[in-house]
There are 2 protein chains.
Amino acid sequence: MASDTQPTPVSAKTPVTLREVATLAGVSVATASKALNGQGRMTAETRERIRETAQRLGFRPNSLAQSLLRRRSFTVGLLTNDTYGRFSLPVMSGISDALVDKGVSVFLCNVEDDQRLGQLHVDAMLDKRVDGIIATGKRIDRHLPVDLANLRIPVIYAFTQPDPGAIAFVSDDAGGARLAVEHFCRLGRCRIAHVTGPASFAVVHARAQAYRDVLTEKGLPVMVPLLGSWSEAWGHEAVKQLFDGKLSKSGGEKPDAVFCGNDQIARGVIDALRERGLDVPDDVGVIGFDNWQIVAEATRPPLTSVDMNLAALGREAGLTLLSLVGGEPAQPGIRKLPCRLVVRQSCGRPPGG
Amino acid sequence: MASDTQPTPVSAKTPVTLREVATLAGVSVATASKALNGQGRMTAETRERIRETAQRLGFRPNSLAQSLLRRRSFTVGLLTNDTYGRFSLPVMSGISDALVDKGVSVFLCNVEDDQRLGQLHVDAMLDKRVDGIIATGKRIDRHLPVDLANLRIPVIYAFTQPDPGAIAFVSDDAGGARLAVEHFCRLGRCRIAHVTGPASFAVVHARAQAYRDVLTEKGLPVMVPLLGSWSEAWGHEAVKQLFDGKLSKSGGEKPDAVFCGNDQIARGVIDALRERGLDVPDDVGVIGFDNWQIVAEATRPPLTSVDMNLAALGREAGLTLLSLVGGEPAQPGIRKLPCRLVVRQSCGRPPGG
DNA sequence: TCCTTCTGAGAAAACCTTTTCCCAAACCAC
DNA sequence: GTGGTTTGGGAAAAGGTTTTCTCAGAAGGA
């Protein structure tokens with residue numbers, strides 16, 4: 001039993017409609033609608049009576065009916081192929097953050113890498129009259145297995161390969177790499193190696209080029225980036241290659257810093273260095289990429305890493321989609337969002353510090 | 001330009017309506033509707049003509065209109081507080097798998113641990129007339145910050161604390177623990193330790209009790225479970241406690257197996273054992289929990305771990321929700337779904353094998 | 001008193017589909 | 001030819017809301 005000091009919203013089996021509110025308030029549905037939406041003209045008394053009645057009955061307008069009429073469903077679709085994604089999940093989270101306050105709900109569709117599944121989801125969303133679609137994925141240089149090119153609703157790409165002429169948000173990988181390498185330089189490291197993933201990833205080249213650029217600008221020696229897999233095991237193997245003198249003839253030229261293409265490689269590198277008796281960060285500094293918190297904080301010492309700000313990226317994507325839905329124009333093109341360096345202990349401190 | 005050997009679905013600015021199809025086919029909307037839905041009676045020729053017209057125009061019925069009429073939106077809400085969740089993500093994936101083929105789309109709502117946000121999302125979903133709601137989370141013994149008790153639509157709980165009298169699916173943690181400990185027994189290990197998370201987690205007690213039960217049944221010595229945090233660091237620390245003789249007086253009584261409460265602890269344990277010169281699995285076997293693939297496969301050797309089958313759990317939850325929506329009755333209560341042991345190399349092989 | 005101008009509120013159309021009921025024509029048997 | 005049945009298809013209501021148009025009555029001015 002509800003206390004009767006409070007208005008008790010009747011928990012009816014079936015939702016309260018505007019018609020019921022109108023009847024109880026002794027007005028027409030038209031007037032009721034206008035009263036609740038602050039439209040139309042009526043005495044303050046009438047408006048208040050209707051409001052009160054609606055409140056008492058716990059009236060909430062049926063979104064389906066509204067959407068049908070307004071041709072706007074306050075719903076967007078989020079397409080991804082990153083099922084267990086540590087990349088697309090922060091993106092999603094950012095999107096959701098940006099939209100929930102505006103009353104927009106998000107359909108999450110995992111399309112794996114399956115064309116049929118993709119079409120199924122897109123059709124379902126179109127049928128449900130989503131206001132727009134955001135496509136996201138697990139890497140920046142692969143297209144989702146769906147064709148979003150000629151939809152009649154706005155589409156935004158976030159952390160996935162866009163269609164030409166579309167609007168996309170991606171991380172600035174080159175900028176992120178610069179952040180890491182420049183940080184090493186500032187700390188006085190001068191023999192900086194780069195251990196990263198397979199050549200099939202565009203980001204590998206972007207980051208490696210930035211690595212080379214920074215070192216060249218500073219007049220420091222450029223070592224050839226070691227390409228492998230995105231795994232701890234490759235981190236171990238790379239340390240072997242770097243420190244077993246196969247690459248550098250003279251013993252003195254071993255690296256004093258390693259910039260890694262992701263946090264798992266960095267983890268492998270750190271473990272391998274420790275096993276060789278090399279101290280991190282005193283002998284060798286290490287910086288990772290992705291700032292995958294659970295990995296970065298578990299390494300010993302905790303890993304300095306480049307964060308791609310994926311949540312912010314998602315937020316931007318969400319807001320931009322909304323403005324597009326609202327009819328505002330937007331320049332097509334790829335917008336690169338800056339990364340940031342999260343400094344922990346694996347990179348060392350400045351000489352004076 | 002589309003080839004003209006194929007029917008070219010006109011990419012109109014505005015969606016094609018049934019009325020347009022009807023007009024073009026020279027019939028009424030009623031007849032058109034019946035033709036496309038296989039209802040009503042008409043000549044085969046008429047039906048075919050209408051179908052063809054619809055096909056040619058690329059007609060797809062407006063889900064909003066259908067939902068409004070049918071009082072069924074083919075939409076469900078998924079509530080979670082596991083933003084970066086490695087638990088709720090597999091669950092979601094299972095749910096989505098189960099529902100996509102039935103044309104059901106899923107609203108993903110991350111409510112963090114915020115009541116206001118939770119209410120916001122629930123209200124939005126209710127307004128949008130979802131057919132049902134699934135609640136999931138990051139742990140089994142915490143309730144989401146929302147009240148789903150007296151909704152007028154079905155609610156299912158999956159991997160989160162249910163309201164009393166509700167339907168819930170959770171993992172059988174005790175069963176999973178048994179799997180691990182019994183596996184050790186089968187391999188001939190007889191001094192099995194248990195290193196797990198904090199006492200504030202219900203699963204810690206469930207698994208510890210199962211651990212004790214199995215050992216008691218087998219007549220093996222029960223060591224007091226070591227409770228700590230869910231971290232690698234605790235794995236290291238626990239090895240120190242186990243092998244520095246503080247617990248067992250005689251040197252011979254050191255464990256030959258460690259059953260860990262999650263994979264991160266197991267990772268820490270394995271690393272710590274190796275650093276002590278103990279071989280895994282020859283000297284000490286290790287089994288983890290969660291089967292978090294990216295961790296389990298990166299440990300050296302790869303980690304045997306208990307998998308909670310979360311995707312299957314999600315699938316069950318999705319299917320059950322659907323049958324509830326369809327009006328079929330279901331027993332309230334908590335259903336525990338079995339775990340499975342994923343054997344890799346950290347636990348050793350049978351003596352004869 | 002008559003005409004105009006507000007004012008408050010209702011009727012109805014619109015959004016799009018489904019479904020029930022109904023009707024006219026055709027067909028059949030007698 | 002008549003009464004009954006089948007057949008093919010349409011009209012209209014329903015679902016819940018918003019918005020435009022309309023209208024009756026009151027107020028104001030002459």
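Labels below follow one simple rule: chain letters A, B, ... track the order of the sequence lines, proteins then strands, and each chain is numbered from 1. Computed from heavy atoms alone, side chains included, the values below leave out hydrogens, waters and symmetry copies. Please read these numbers as outputs of a predicted model, since none were measured by experiment.
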Requested in this report: To the nearest Å, give me how far apart CD1 (A:I50) and P (C:dA9) are.
Outcome: 8 Å
Report summary line: Nearest-nucleotide check on DNA chain D, B:M42 vs B:R71; residue mapping nearer the 5' end is B:M42
Query raised in the report: Quick one: do the B:K336 and B:S171 side chains pair a donor with an acceptor below 3.5 Å?
Result: no
**Report entry** is_close_aromatic(A:Y157, A:F169), centroid dist under 6.0 Å
**Finding:** no
Query raised in the report: Has A:R129 got a side-chain N or O lying under 4.0 Å from the OP1 or OP2 atom of C:dC15?
Result: no
Report task. Would you check if there is a donor-acceptor pair between the side chains of B:S73 and B:K128 at a distance under 3.5 Å? Result -> no
Report task. Please state whether the phosphate of D:dG8, meaning OP1 or OP2, lies under 4.0 angstrom from any side-chain nitrogen or oxygen of B:T46. Result -> no
Report task. Using atom CG of A:L64 as one end and atom P of C:dC15 as the other, report the distance to the nearest whole Å. Result -> 18 Å
Report task. Assess the side chains of A:T83 and A:N110: does a donor N or O sit below 3.5 Å from an acceptor N or O? Result -> yes
Report task. Starting at atom CZ of A:R60, determine the distance to atom C1' of D:dT17, rounded to an integer number of angstrom. Result -> 15 Å
Report summary line: Of D:dG9, C:dA11, C:dC16, the nucleotide closest to the side chain of B:A65 is C:dC16
**Report entry** Spacing between B:L68 atom CG and D:dA13 atom P, to the nearest angstrom
**Finding:** 17 Å
Query raised in the report: Would you say the side-chain atoms of B:S88 and B:D82 include a donor-acceptor pair closer than 3.5 Å?
Result: yes
Query raised in the report: Among side-chain atoms of B:H143 and B:D163, is any donor-acceptor pair under 3.5 angstrom?
Result: yes
Query raised in the report: So which one's nearest nucleotide on DNA chain C is more toward 5', B:R41 or B:N62?
Result: B:N62
Requested in this report: Would you tell me whether A:S96 and A:S93 have side-chain atoms, one donor and one acceptor, within less than 3.5 Å of each other?
Outcome: no
Query raised in the report: What's the CZ-C1' distance between B:R19 and C:dT17, to the nearest Å?
Result: 11 Å
Report task. Nearest whole angstrom, please: distance from the P of D:dG16 to the CZ of B:R72. Result -> 17 Å
Requested in this report: Encode nucleotides 18-23 of chain D as B, S and - characters from 5' to 3', where the letter depends on protein heavy atoms closer than 4.0 Å: B to the base, S only to sugar-phosphate, - to neither.
Outcome: BBB---
